[in-house]
Amino acid sequence: MKSFTETVRMVVQNIPKGSTMTYKDVAIKAGRPLAARAVANIMAKNFDGTVPCHRVIKSDGSLGGYNRGGEVIKRKLLMSEGAII
DNA sequence: TAGTTGACCGGAA
DNA sequence: ATTCCGGCCAACT
C-alpha cells in the first residue's frame, strides 16, 4: 500500500497526453473521492517535477492554478499538447 | 498534540 | 450569473 501522495502522483502520471482531469477525478482515482483538496495541497506544497500537474484542472473547467499562479503557462502547455481549453 | 493552510467542491443566498 | 458558507483531506507550523 502506497501513501495517498504516491497514489496521486501515479494517477497524474497516468493521465494521457492531450487530456485533462479535475482534482476531484484525480482524488477519485487515488481512492479518496472527497480528497480533492488534499490533492491540491500535495501539488501546491510538495510539487513533483516528475508529474505533469498541468494536466490537472478544476471541476469547473478552469485551469485552477499552477506553480506560483502560472495559469497562463498551464493553458499554453495544455494547448501545446492538443487539449481543448 | 492541536491549529492553520491550500492549486478544491458543492450547495445555498 | 456571482458571492458566501460549510465540509473534506493531507501537509506545515
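Note on naming: letters A, B, ... go to the chains in the order of the sequence lines (proteins, then strands), and numbering restarts at 1 for each one. Scope of the values below: all heavy atoms of this structure, side chains included, with no hydrogens, waters or symmetry mates.
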Would you mind reading off the distance between A/D60 atom CG and C/dA1 atom P, rounded to a whole angstrom? 11 Å

Taking the minimum atom-to-atom distance to the side chain of A/R37, which one of B/dG10, B/dA7, C/dG7 wins? C/dG7

Atom of A/L78, atom of A/I57 and distance for their closest heavy-atom approach: CD1-CG2, 4.2 Å

Path from A/V11 to A/M43 over hydrophobic side-chain contacts below 4.5 Å: yes

Which atom pair, heavy atoms only, marks the closest approach of A/K24 to A/S59? CB-OG, 3.9 Å

Need one value for A/Y23: base, sugar-phosphate or nothing, where a base atom within 4.0 Å counts as base even if backbone is also close, heavy atoms only. base

A/F4 CZ - C/dC8 P separation (whole Å): 15 Å

Atom CD of A/E71 and atom C1' of B/dC8: how far apart are they, to the nearest Å? 14 Å

Can you measure A/R75 atom CZ to B/dA7 atom P for me and round it to whole angstrom units? 18 Å

Distance-minimising heavy-atom pair for A/F4 and A/A35: CZ-CB, 3.6 Å

Report yes or no: does A/S3 contribute a side-chain atom to a donor-acceptor pair with the main-chain N or O of A/E6 at less than 3.5 Å? no

A/I28 CD1 - B/dG10 P separation (whole Å): 9 Å

Between the side chains of A/E71 and A/K74, is the shortest nitrogen-to-carboxylate-oxygen separation below 4.0 Å, so that they form an ion pair? no

To the nearest angstrom, how far is A/N67 atom CG from B/dG6 atom C1'? 14 Å

Between A/K24 (NZ) and B/dA7 (P), how many Å, whole number? 20 Å

Rounding to an integer number of Å, can you tell me how far A/L77 CG sits from B/dA7 P? 19 Å

What contact category does A/A36 fall into here, base, sugar-phosphate, or nothing, at under 4.0 angstrom with non-hydrogen atoms? sugar-phosphate

Protein N or O to nucleotides 11-13 of chain C N or O, pairs below 3.5 Å:
unit_1 : atom_1 : unit_2 : atom_2 : d
C/dA11 : OP1    : A/T5   : OG1    : 2.7
C/dA11 : O4'    : A/N41  : ND2    : 3.4

Atom CZ of A/R55 and atom CD of A/E81: how far apart are they, to the nearest 0.5 Å? 4.0 Å

